[in-house]
Amino acid sequence: MTENIENTANPFVETETQEENEPDINDVPDEDKLKKEIEDINNKYIRLAADFDNYRKRQLQERESLIKYGAKETLQKIIPVLDTFSRAADSIEKSEDINSIKESCSICTKQLNDVLNKIGLTKIEAEGKEFDPATMEAVMQTQTDEVEPNYVIKELQAGYKLYDMVLRPAMVNVASEKEEDKKE
């Protein structure tokens, strides 16, 4: 019984013969086949390079188009505000009532602010807030007891953000401690 087990070939063990290690002369591909394969690979490479070049050119055209016409939607939203300003200017010329002129200006300003808010522009609220160097530029410091130090006393020029990016920091006057308070 042990004889049968030893003579049974193990399917997991490869047995090599000298003939298997030698290359077969018939397996060598002919020169025409190799040239055709090289030509096919070269053609695929050329097509791939052309596709990539076309893709690069398309991306460049799209980028140029975005730069050139990127403000289109924004301007389309602002055009009605221009119309309102035009109507307000016409009414100012015809009217001598200062209240109607103020109302026209107020309507124009509100409409413009609404459009700019829809676009993503927001005013940086500074007055009465703690000084924030990321969104504010301190152009003045005033010694005072009336406002806590490092708080904005007055906004000198409005600042604006586009979503979370500061377009222009608010120029502010910041409170500082009085000299006599510092000595104590």
Side-chain angles (χ1 to χ4, degrees), residues 1-87 89 107-126 129-139 150 152 155-172 174:
M1 186 137 190
T2 55
E3 254 178 57
N4 289 343
I5 294 174
E6 289 174 13
N7 289 340
T8 308
N10 188 344
F12 299 108
V13 177
E14 294 183 24
T15 56
E16 295 183 16
T17 62
Q18 188 65 20
E19 294 172 7
E20 289 179 9
N21 289 336
E22 294 176 9
D24 187 6
I25 296 174
N26 297 331
D27 285 347
V28 177
D30 65 7
E31 200 171 310
D32 291 337
K33 281 186 179 179
L34 286 176
K35 285 182 181 177
K36 184 163 177 32
E37 279 184 41
I38 290 172
E39 189 176 310
D40 287 345
I41 291 171
N42 194 31
N43 287 338
K44 286 180 183 178
Y45 169 75
I46 289 171
R47 279 193 299 267
L48 183 63
D51 286 346
F52 179 74
D53 192 46
N54 290 338
Y55 169 77
R56 187 182 54 77
K57 288 177 184 175
R58 264 194 321 274
Q59 290 297 315
L60 186 62
Q61 286 175 341
E62 286 177 15
R63 188 176 316 126
E64 287 173 357
S65 178
L66 275 174
I67 290 169
K68 188 173 182 180
Y69 300 112
K72 176 186 171 196
E73 288 183 34
T74 302
L75 294 174
Q76 285 175 329
K77 292 176 183 175
I78 293 177
I79 288 172
V81 178
L82 290 174
D83 295 338
T84 303
F85 272 108
S86 179
R87 285 191 296 273
I107 290 170
C108 292
T109 303
K110 183 186 178 331
Q111 187 178 11
L112 180 60
N113 283 327
D114 290 345
V115 168
L116 293 174
N117 284 332
K118 287 178 186 175
I119 294 168
L121 186 74
T122 55
K123 185 176 181 239
I124 296 170
E125 297 299 324
K129 308 279 184 187
E130 186 172 6
F131 176 72
D132 177 11
T135 60
M136 301 173 198
E137 183 178 341
V139 293
N150 209 31
V152 176
E155 179 180 76
L156 305 172
Q157 184 181 45
Y160 294 94
K161 290 169 51 172
L162 180 62
Y163 300 108
D164 59 348
M165 180 178 75
V166 175
L167 294 179
R168 181 175 81 183
M171 294 176 125
V172 295
V174 180

Atom pairs and distances, donor-acceptor, side-chain atoms in residues 40-53, under 3.5 Å, two or more places apart:
residue: N43; atom: ND2; partner: E39; partner atom: O; Å: 3.4
residue: D53; atom: OD1; partner: R56; partner atom: NH2; Å: 2.6
residue: D53; atom: OD2; partner: K57; partner atom: NZ; Å: 3.3

Ignoring hydrogens and angles, write down the donor-acceptor pairs under 3.5 Å from the side chains of residues 114-123, residues two or more places apart or on other chains.
residue: D114; atom: OD2; partner: K110; partner atom: NZ; Å: 2.9
residue: N117; atom: ND2; partner: N113; partner atom: O; Å: 3.2
residue: K123; atom: NZ; partner: E155; partner atom: OE1; Å: 3.2

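With rounding to the nearest 0.5 Å, the separation of CD in Q157 from CZ in R168 is 3.5 Å. Atom CG of L82 sits about 10.5 Å away from atom CZ of R87, to the nearest 0.5 Å. Considering NZ of K72 and CG of L66, their distance stands at 12.0 Å, rounded to 0.5 Å. A distance of 12.0 Å separates OG1 in T84 from CD1 in I79, rounded to the nearest 0.5 Å. Atom OH of Y55 is separated from atom CG of L60 by 12.0 Å, given to the nearest 0.5 angstrom.
Q59 CD: more than 12 foreign heavy atoms inside a 6.0 Å radius.
Nearest heavy atom pair, residue V172 against residue A126, reads CG1-CB, 3.8 Å. What you find for F131 and V174 is that their closest heavy atoms are CD1-CG2, 3.6 Å.
A salt bridge does not link E64 to K68: none of the charged side-chain nitrogens sits closer than 4.0 Å to a carboxylate oxygen.
In this structure, the side chains of D32 and K36 stay at 4.5 Å or more apart for every pair of heavy atoms.
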